Engineer: 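Here's a structure for you.
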Amino acid sequence: MLVSIVSFVIVIAVCVLIHEYGHYITAKILGVQVHEFAFGMGPAILQHRGKNNMLWSWRLFPIGGFCRLAGMNEDNEGEEVIPGMGFDEQPAWKRFFILLNGSLFNIILAVVLMAFFLYGHGVLDMESTRIGEIMSGFPSESAGLHAGDEVLKVNGVNVSKWREMSDKIRMESQKNPDVAFEVRRGGEILTLNVNIPMNEEYGRPMLGVSPSYTRYGFIQACRSSLGYTYRMTMMMLRGLAELILRRQETEVTGPVGIAAMSGRAMRSGVWDFITFIAVIALNLGIMNLFPIPALDGGRLLFVCLEMIVRRRLPVKVENWIHAAGFVVLISIMILITCKDIYSLFLTQ
């Protein structure tokens with residue numbers, strides 16, 4: 001339980017603070033007044049006044065934080081908005097980038113963490129047939145296959161990628177459990193005959209090998225992280241579409257579920273935890289761009305409409321819409337959290 005709580009706090013702190021920093025730094029660059037940047041939530045335990053009377057605060061509960069801009073209907077009593085520096089006084093394009101860059105910073109964080117993972121840890125190499133690990137108790141061990149062997153042929157058929165090799169082994173061993181392998185070991189080409197019987201536990205013939213890991217160079221890791229982030233985004237959007245269209249059952253989780261998953265990721269090791277933060281950051285960034293009232297995407301929708309029709313919705317009306325959206329979102333979050341707690345107790 002303690003590991004789940006600590007890991008959850010770290011995940012939320014990193015993802016939310018990066019999001020809020022995106023709003024903050026964009027506002028500062030574009031000349032918009034910031035009342036407060038807070039680390040954590042709840043009562044303030046330490047505060048410091050900076051330039052333009054901006055307040056830096058450290059709050060009691062280390063869960064995320066917030067950036068409070070002047071002129072966003074969040075001004076506290078006694079706070080003055082410097083003329084011309086309020087958020088609501090800015091042209092539409094400035095408000096657009098301030099709202100957008102919170103989510104953009106989350107997406108950038110996901111890309112950076114994925115690049116760090118690819119450079120420091122690496123991923124399973126599915127583009128080759130090089131064996132990374134021989135599993136104990138499986139036919140690969142008794143047949144004399146070694147980690148580092150590169151499979152060239154299966155029953156005389158050339159194979160060049162892991163998936164191609166795996167499918168060929170399964171197909172051939174189902175026809176006849178005796179399968180011939182041609183492998184390269186160092187500079188030597190070897191032929192090994194392996195008996196691959198049906199594995200009762202897995203319900204199919206199992207050779208018992210896993211791919212090798214490949215680590216990327218710095219430049220390649222940076223490039224490849226964009227592709228990995230794009231694929232994660234597409235998977236997330238497809239899952240959401242299937243949930244909305246009810247094509248299949250898709251699991252939705254809230255803070256309790258995220259805490260449980262973050263605890264499992266931390267216990268699995270630092271690299272699993274880093275990839276988990278990347279996934280949560282990406283989800284937070286993408287979901288926040290959805291055109292839903294109270295989210296950045298809802299505010300961006302109003303700004304985009306303003307730029308198109310050259311007319312702004314009254315601020316009070318827009319604030320009322322966002323307040324109503326916030327109530328709906330909080331209600332949904334409470335329901336999801338109750339479901340998470342119920343599921344958590346069922347699994348005890």
Side-chain angles (χ1 to χ4, degrees), residues 2-26 29 37 39-40 62-67 97 100-128 130-133 147-148 161-163 210-239 253 255 257-289 296:
L2 180 61
V3 172
S4 294
I5 293 172
V6 171
S7 58
F8 176 74
V9 168
I10 294 172
V11 170
I12 296 302
V14 170
C15 294
V16 173
L17 284 173
I18 285 292
H19 182 95
E20 296 301 325
Y21 185 77
H23 293 314
Y24 161 78
I25 194 64
T26 309
I29 290 172
F37 191 98
F39 300 88
I63 303 178
F66 59 85
C67 173
F97 281 109
L100 174 68
N101 282 0
S103 290
L104 184 60
F105 269 55
N106 281 133
I107 296 169
I108 291 172
L109 173 64
V111 172
V112 169
L113 290 178
M114 280 308 304
F116 182 55
F117 177 82
L118 294 173
Y119 177 72
H121 181 266
V123 291
L124 292 174
D125 183 8
M126 306 300 287
E127 298 302 309
S128 76
R130 189 176 303 279
I131 297 173
E133 182 182 356
K161 294 188 177 182
W162 191 269
R163 180 64 63 190
S210 62
S212 61
Y213 272 88
T214 179
R215 288 173 60 180
Y216 292 78
F218 179 75
I219 300 299
Q220 189 181 5
C222 293
R223 290 174 180 169
S224 298
S225 66
L226 293 171
Y228 276 95
T229 305
Y230 172 77
R231 286 191 288 275
M232 284 194 296
T233 301
M234 291 300 102
M235 288 174 60
M236 186 193 75
L237 294 177
R238 277 196 296 270
T253 192
I258 294 173
M261 288 188 290
S262 63
R264 288 195 293 270
M266 178 173 276
R267 282 187 286 268
S268 296
V270 63
W271 292 112
D272 283 354
F273 191 56
I274 286 173
T275 54
F276 182 77
I277 295 176
V279 170
I280 295 300
L282 183 63
N283 274 264
L284 177 61
I286 299 298
M287 293 299 293
N288 240 296
L289 291 177
D296 290 338

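Note that these values count all heavy atoms, side chains included, but never hydrogens, waters or copies made by symmetry. Just so it is clear, the structure is predicted and the values come from calculations on it, not from any experiment.
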Engineer: Taking all non-hydrogen atoms of both residues, which atom of A147 and which atom of G132 are closest, and how far apart?
Structural biologist: CB-O, 3.6 Å

Engineer: Can you tell me how far apart CE (M266) and CD1 (I274) are? Round to the nearest 0.5 Å.
Structural biologist: 10.5 Å

Engineer: Taking only residues two or more places apart in sequence, or in another chain, which ones meet Y230 in a ring pair (Phe, Tyr, Trp, His ring centres under 6.0 Å)?
Structural biologist: none

Engineer: Atom OG1 of T229 and atom CE of M234: how far apart are they, to the nearest 0.5 Å?
Structural biologist: 11.5 Å

Engineer: I'd like to know whether I29 forms a side-chain contact (heavy atoms from CB on, under 4.5 Å) with F97, so could you lay out the CA-CA distance, the side-chain angles of the two residues, the decisive distance to 0.1 Å, and finally the verdict.
Structural biologist: CA-CA 11 Å; I29 290 172; F97 281 109; over 6 Å; no

Engineer: Side-chain contact test, heavy atoms from C-beta onward, threshold under 4.5 Å: evaluate it for L124 versus W162 and give yes or no.
Structural biologist: no

Engineer: Return all side-chain donor-acceptor pairs below 3.5 angstrom for residues 101-115, not counting sequence neighbours, or 'none' if the list is empty.
Structural biologist:
unit_1: N101; atom_1: ND2; unit_2: T26; atom_2: OG1; d: 2.9
unit_1: S103; atom_1: OG; unit_2: G285; atom_2: O; d: 3.0
unit_1: N106; atom_1: OD1; unit_2: H19; atom_2: ND1; d: 2.7
unit_1: N106; atom_1: ND2; unit_2: C15; atom_2: O; d: 2.9

Engineer: Show me the pairs that pass side-chain hydrogen bond (donor to acceptor under 3.5 Å, both in side chains) and involve residues 269-286, at least two apart or across chains.
Structural biologist: none

Engineer: Does any part of the side chain of L118, heavy atoms only, come nearer than 4.5 Å to the side chain of T214, both counted from C-beta?
Structural biologist: no

Engineer: For atom CE of M126, decide whether the heavy atoms of other residues, nucleotides or ligands shown that lie under 6.0 angstrom number more than 12.
Structural biologist: yes

Engineer: What are the two closest heavy atoms between A265 and F276, and how far apart are they?
Structural biologist: CB-CB, 3.8 Å

Engineer: Quick one: CZ on F8 to CD1 on I280, what's the gap to the nearest 0.5 Å?
Structural biologist: 9.0 Å

Engineer: More than 12 non-hydrogen atoms from neighbouring residues, nucleotides or ligands closer than 6.0 Å to OH on Y21, yes or no?
Structural biologist: no

Engineer: When rounded to the nearest 0.5 angstrom, what distance separates CD in E20 from CZ in F39?
Structural biologist: 11.0 Å

Engineer: Closest approach of Y216 and S224, non-hydrogen atoms and distance?
Structural biologist: CE2-OG, 3.4 Å

Engineer: Drop me the distance from K161's NZ to D125's CG, to the nearest 0.5 angstrom.
Structural biologist: 10.5 Å

Engineer: Is any side-chain heavy atom of L282 closer than 4.5 Å to one of M236?
Structural biologist: no

Engineer: Using 0.5 Å steps for rounding, measure from the CG atom of D296 to the CG atom of L100.
Structural biologist: 8.5 Å

Engineer: Side-chain contact, heavy-atom cut-off 4.5 Å: L17 with F37?
Structural biologist: yes

